[in-house]
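Before any comments, here is the structure.
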Amino acid sequence: MILEEALAVVTQALNHQRLTKVQNIIFRQAWEGKSYIEMGVAFGYDPAYLKDEGAKLWQLLSQACGTKVTKINFPTVLAQYAETQQAQAQQAEANQADAQQEQSILPKISTDSSRRIDWGEAIHVSSFLGRETELATLKYWLLQNHCRLATILGMGGMGKTALSVKLAQQVQFHFERVIWRSLRDAPPLTELLMTLIQFLAPDPDSTLPVTETAQLAYLMDALRANRCLLILDNYEALFQAGQQTGTYRQGYEGYRELLQRIGQGQHQSSLVLTSREKPTVVAALQGENMPVRVLNLAGLPQADAARLLQAKGLSGSAAQVTSLVQSYQGNPLALMITATSIQDLCGGRIDTFLQQQTTVFNGVRNLLQQQINRLSGLETKIMYWIAINREAVTVQELQADLAPFVPMSRLLEAVESLYWRSLIEKTTTGLRSSR
Ligand SMILES: Nc1ncnc2c1ncn2[C@@H]1O[C@H](COP(=O)(O)OP(=O)(O)OP(=O)(O)O)[C@@H](O)[C@H]1O
Ligand SMILES: [Mg+2]
């Protein structure tokens, strides 16, 4: 979105109410990333006055967009707002068409004016490619099956966050409350619960609960009172590195209860998680006929991944593009990082890059290293042997490779753990690395 488009969105959001001269300056300068001091110097205003006026402007936009707007997030929020408006118009059109055919199967969109959305720090996904099947599956789970807990699971960079935002944009009108939060900084449970409660609160005047147990009970009431969609990104941040998958960091064990209550409790809401590692509660509760589901996110299919590389301005034959995409199993982040390296080091030529035969370097190595660093000692050894074997390997072969001897029960636990981290795949002939 460019500045002029953002201003047009503001005009629409404010119902054609015009910004004042100072607000206009603040908006344009903030768009360029300027501080209030820099604006003051450039336009001859007292920075304190600009800050006050800025606060009023963000407040005005918060009311108009129905979500908190700040000097930092306003470009993202306005882009989201524009997409939301567009999606709403399309959805309304689709509903009208459905109504005409008298065969609509989706719940009707919410036209409730008290609908509230808080996108938090959700990324803006303007050039989102493909994922139609995954979106259709997730939408079906949420809207048709009324799943209470859906987890998007996959390796780093696979596109979990992007998919969760896209999903939320597409289903938002079926919920009265939508809140998107990243757990990247591992907020203590009580902090997250307070954020959720304050946003979802069925009764804003009631006294807020203090203990974790009371907060959980309060949250469940809120999830019963309204149809809410909660999206929690980066759930793996709550897990302890170097331990078997699903081991919570000290002090974070309460999150298990949160998932359990939402997954099993009676309410009309849904929680979508994204995670690199599968939470044990999810593993215990998931099932095709259960209200808890897991979507294992694989790489982008060839055609979509090729479009992503094309957008990065790379040049190469179709076969070269295919080879590059396969090297990274369609992982969008790995492809984007590599595309930048190909631009910088090989003048954008895929053939030159492929001749070097090094698919894992620099940024991509860091991406993998981040995940390897989180493994337990036994998991690291297994990854090593799987990499050495190259072909799929059976658990028995692995046991024979490992020294000192590892009992089968421990080995199976570690293999399961790696599978939950999306680092290995189970094939008909055995286990192999997901790369
Ligand atoms: N379908 C897509 N179309 C276009 N770009 C995508 C798509 N999916 C992901 N990307 C881009 O790839 C990058 C990685 O995606 P994203 O951050 O969603 O991955 P992730 O699985 O959440 O990774 P992490 O585990 O590190 O949080 C982002 O820059 C994102 O915009
Ligand atoms: Mg992510």
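For ligands, and for the atoms within them, numbers begin at 1 and follow the listed sequence. For the single chain, residues carry numbers from 1 onward in sequence order.
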Strictly under 2.8 Å, is the Mg ion (ligand 2) approached by any N, O or S atom of Thr161? yes
One finds that the ligand 1 atoms under 4.0 Å from a non-hydrogen atom of Ala162 are 8 (N), 9 (C), 18 (O)
May I ask you to list the atoms of ligand 1 that are less than 4.0 angstrom from any heavy atom of Met336? 11 (C), 12 (O), 13 (C), 28 (C), 29 (O)
If the cut-off is 4.0 Å to any non-hydrogen atom of Arg276, which atoms of ligand 1 fall inside it? 24 (P), 25 (O), 26 (O)
Using a strict cut-off of 4.0 Å, indicate which atoms of ligand 1 neighbour a heavy atom of Ser127. 3 (N), 4 (C)
Check each of Lys160, Arg307, Glu134 against atom 20 (P) of ligand 1 and report the one with the nearest heavy atom. Lys160
Under 4.0 Å, heavy atoms only, figure out whether ligand 1 is touched by the backbone of Asp304, its side chain, both or neither. neither
Quick one: does any side-chain atom of Glu5 pair with a main-chain N or O of Ile2 as donor and acceptor, under 3.5 Å? yes
Smallest separation among heavy atoms of Trp119 and Ile117, with atom names: NE1-CG2, 3.3 Å
Which of the ligand 1 atoms, numbered from 1, are nearer than 4.0 Å to a heavy atom of Leu129: 1 (N), 2 (C), 3 (N), 4 (C)
Nearest heavy atom to atom 23 (O) of ligand 1 wins, so pick from Ala305, Ser275, Gly157. Gly157
Ligand 1 atoms in contact with Met155 (distance to a heavy atom under 4.0 Å): 21 (O)
So the atoms of ligand 1 within less than 4.0 Å of a heavy atom of Gly159 turn out to be 8 (N), 9 (C), 15 (O), 16 (P), 18 (O), 19 (O), 20 (P), 21 (O)
Presence of salt bridge, Glu253 and Arg256, under 4.0 angstrom: no
What do you reckon, does Lys166 put a non-hydrogen atom under 4.0 Å from ligand 1? no
When Asp233, Thr195, Asp118 are each screened for side chain to side chain donor-acceptor pair (under 3.5 Å) with Arg181, the one that passes is Asp118
If you measure every N/O of Glu236 against every N/O of ligand 1, is any gap under 3.5 Å? no
Numbered atoms and elements of ligand 1 in range of Met158, under 4.0 angstrom, heavy atoms: 19 (O), 21 (O)
Find the distance between CZ (Arg276) and CE (Met158) and round it off to the nearest 0.5 Å. 11.0 Å
Ion pair present between Arg261 and Glu257, side-chain N to carboxylate O less than 4.0 angstrom? yes
Apply side chain to side chain contact (heavy atoms under 4.5 Å, CB included) to residues Val292 and Leu259 and explain how you reach the verdict. CA-CA 10 Å; Val292 177; Leu259 297 197; over 6 Å; no
Please state whether the rings of Tyr235 and Phe239 are parallel, tilted or perpendicular, taking 30° and 60° as the class boundaries. perpendicular
Return the CG to CG distance between Leu60 and Leu14, rounded to the nearest 0.5 Å. 5.0 Å
Does the Lys NZ or Arg CZ of Arg177 fall within the cation-pi geometry relative to Phe199 - under 6.0 Å from the ring centre and within 45° of the axis? no
Mark the output for Asn234 as yes if a heavy-atom distance to ligand 1 is under 4.0 Å, and as no if none is. yes
